[in-house]
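Note that the structure is a prediction, hence the values are computed from the model and not measured. Residue numbers begin at 1 in each chain, while the letters A, B, ... track the order of the sequences.
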Protein chains: 2
Amino acid sequence: MAAVSKRKRTASKTAPRTTPREPAVRASRASTKRPAKRSSAGGGLTAERIRDEALRLIDAEGLEAFSTRRLGAALGCEAMAIYWYYPSKDALLDAVVEALISRLPVEPSTPGDWIDAFRKLAHGYRRLAHRHPNAFALLATRRFATEGTYRFLDGLFEMARHAGLDDRQTARFYRLVSSFCSGVALNELAGLRDADRVASSPELEAEALAAREAFPRLASVSSWLEPSHFDDVFDFGLELLLEALQRAPHASGVPAGRGRAKRA
Amino acid sequence: MAAVSKRKRTASKTAPRTTPREPAVRASRASTKRPAKRSSAGGGLTAERIRDEALRLIDAEGLEAFSTRRLGAALGCEAMAIYWYYPSKDALLDAVVEALISRLPVEPSTPGDWIDAFRKLAHGYRRLAHRHPNAFALLATRRFATEGTYRFLDGLFEMARHAGLDDRQTARFYRLVSSFCSGVALNELAGLRDADRVASSPELEAEALAAREAFPRLASVSSWLEPSHFDDVFDFGLELLLEALQRAPHASGVPAGRGRAKRA
DNA sequence: GTGTTCTATTTTACATCGTAAAGGAACCGG
DNA sequence: CCGGTTCCTTTACGATGTAAAATAGAACAC
């Protein structure tokens, strides 16, 4: 966590920020004493409630439309109230990412079958993209940088170790599979969004038709690029990766420098 | 192109937009008559100059910091002048995407070797990510929806046809390779950005250290996740895909429904 | 010449954004 | 009752994207 404040935009915002008084940095403080009780109705603000509502809003109205003020309105409080629980909008979005990630199944469904666990995980990731299309760009774009995401990765890597993979192979396949999954999902989401857009505007439809005529090859291939074939592509690619993973679990296939795992 | 205006944010902005008077929609009008001549110095505004400067600015200061006002300042004009050439910031970004895409090599370096052409293309794409890290997210996130990008795809698919791939395989591998490339590149860029951030802040550094202790598996794997190993991962994954591509060029390996190409 | 029209740009204005800073209001242990 | 802590609101500032109108110069009509 920690207050990072993204990038300072123009490097000359206002003041040098001298730790104002130490507001709220840690995300879930409510548990240290008693949860909350003020304002009888649903007013009880907590970091979790804010985060959940943020996700709900993003799902409902898109990432672009999401703002602290709108979130405040949805929560029944002023926008600035959020800043008691999160140091910035950015940090809140990190928390949303964390919440999504932690829903993924890290354990294999059948204990020994770690390839299957990887597969399940990949499918879970993809399911996330489908369930939260608007929030998914966050996952693909932001670095995993919170405790929960660390825990997720640690669990995953622990599983890989039990499967006998050395660290290098683990790293490699983690990168490969996760890159592949986000790549496919982003592609897919972009395609869906675009299909939406075109369908909702006659002029864009006409334009698409014209493009189809001007570029015949594009036209004939693009029927295979439609949403209905996404599953096919995803499974094909994923199985390709998993096969390779199964094929060469221990050995390192490239020069390498003896940085092996400590366990057999 | 066409004025799309993104999504209307809240669905209740201001007025219903009744085609104000028909300002500028088509991107490059300067060529129809004479380029321009007003304002002796470097003032000559054109769609191309705006787009190029936009890319330069994004490269230099990041996507977040990019705004029409700053672009105007860089060009020596008011922000609104841009709107004569592009209907929206969104459309301008589309043009930037197009400019980047059209730099990729679609032709194979040795005429017959189409696998090599795919490889070159993938490496070119990755090089783009390296050369324009700040602009790259645009490529991965936005749909290819301009004439230039259509042309690019048409050229690519034409090449695939010459290589003997049917439309289904073409579509499949296009999606696979492009998804893979953007996924890896995004991952890579996020990693680099994060390494930057951590290196520039002692408290984040301490935090990272603590995480390393709390999650031992993460720590030992993550040395293999460092930037120095990106090339390795990319090549490994790409060759995996290309091998599969070479292995099964024509046949469709799944049930399929006879929706084949009309051309031999 | 004097309009008038077209093209390119500036000016002005508005709603919205993230968030710093300060000011309550409710609770606390004394 | 009092000072402190905790949580939330108010107010304010400097951005943002862009609609709308004003404006300046070039090109054409007469």
Side-chain angles (χ1 to χ4, degrees), chain A residues 3-24 26 29-30 32-40 43-47 49-50 63-73 75-93, chain B residues 3-10 12-24 29-30 32-40 43-47 49-50 63-73 75-93:
Chain A
V4 141
S5 91
K6 128 176 14 173
R7 196 204 203 71
K8 228 61 212 174
R9 240 177 263 277
T10 65
S12 79
K13 200 68 164 302
T14 42
R17 197 213 209 288
T18 55
T19 7
R21 189 185 33 181
E22 201 222 345
R26 57 275 190 222
R29 54 135 45 75
T32 62
K33 268 296 162 65
R34 233 145 314 111
K37 77 296 339 240
R38 179 104 57 86
S39 73
S40 53
L45 227 34
T46 64
R49 196 163 90 85
I50 293 172
L63 198 62
E64 303 253 291
F66 175 72
S67 74
T68 54
R69 282 160 153 100
R70 279 158 87 77
L71 178 55
L75 286 165
C77 66
E78 296 307 307
M80 289 309 291
I82 293 158
Y83 286 80
W84 179 255
Y85 297 89
Y86 296 96
S88 68
K89 185 189 184 188
D90 233 52
L92 169 57
L93 292 179
Chain B
V4 141
S5 90
K6 130 177 11 175
R7 195 202 201 73
K8 227 61 213 172
R9 240 178 264 276
T10 66
S12 79
K13 199 67 164 304
T14 41
R17 198 214 210 284
T18 56
T19 9
R21 189 189 29 185
E22 200 223 345
R29 55 134 44 75
T32 61
K33 267 294 161 66
R34 234 145 313 111
K37 78 290 346 235
R38 178 103 58 88
S39 73
S40 52
L45 229 35
T46 65
R49 196 163 92 84
I50 293 172
L63 199 61
E64 303 254 291
F66 175 72
S67 74
T68 53
R69 282 161 154 97
R70 279 159 88 76
L71 177 55
L75 287 165
C77 66
E78 297 306 307
M80 288 310 290
I82 293 159
Y83 287 79
W84 180 255
Y85 298 89
Y86 296 96
S88 68
K89 185 189 185 188
D90 233 52
L92 169 57
L93 292 179

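In terms of phosphate contacts, A/Tyr85 brings a side-chain nitrogen or oxygen within less than 4.0 Å of OP1 or OP2 of D/dC8. Checking the phosphate oxygens (OP1, OP2) of D/dC7, a side-chain nitrogen or oxygen of A/Trp84 falls inside 4.0 Å.
One can place CG of B/Asp90 at 12 Å from P of D/dA19, the figure rounded to the nearest angstrom. Look at CD on B/Glu78: it is 14 Å from P on D/dA24, rounded to the nearest Å. Per the geometry, CD belonging to B/Glu64 stands 12 Å off C1' belonging to C/dG18, to the nearest Å. In this structure, CZ of A/Arg70 is placed 9 Å from P of C/dT16, rounded to the nearest angstrom. Between A/Leu71 atom CG and C/dT19 atom C1' the separation is 14 Å, expressed in whole Å. Following rounding to the nearest Å, B/Leu63 (CG) and D/dG17 (P) show an atom-to-atom distance of 11 Å. In this structure, A/Ile82 atom CD1 and C/dC17 atom P are separated by 11 Å, rounded to whole Å. Between A/Arg49 atom CZ and D/dC8 atom P the separation is 9 Å, expressed in whole Å.
The distance from atom CD1 of A/Ile82 to atom CG of A/Leu71, rounded to the nearest 0.5 Å, is 4.0 Å. Between the CE atom of A/Met80 and the OG1 atom of A/Thr68 there is a distance of 8.0 Å, given to the nearest 0.5 Å.
Between C/dG18, D/dT9, D/dT18, one nucleotide has an atom nearer to the side chain of A/Cys77 than all others, and that is D/dT9. Comparing D/dT9, C/dG18, D/dT18 by their nearest atom to the side chain of A/Ala81 picks out D/dT9.
In this structure, the side chain of B/Tyr86 engages the main chain of B/Ala47 through a donor-acceptor pair within 3.5 Å.
In this structure, B/Trp84 and B/Leu45 have side chains that are not in contact, with every pair of non-hydrogen atoms separated by 4.5 Å or more. When side chains are defined from C-beta on, A/Leu92 counts as touching A/Phe66, because their heavy atoms get closer than 4.5 Å.
A donor-acceptor contact under 3.5 Å is formed by the side chain of B/Arg69 with the base of D/dT18.
Both A/Ser67 and A/Met80 sit near DNA chain C, but only A/Ser67 has its closest nucleotide nearer the 5' end. In terms of position on DNA chain D, the residue among B/Phe66 and A/Gly76 whose nearest nucleotide sits closer to the 5' end is A/Gly76.
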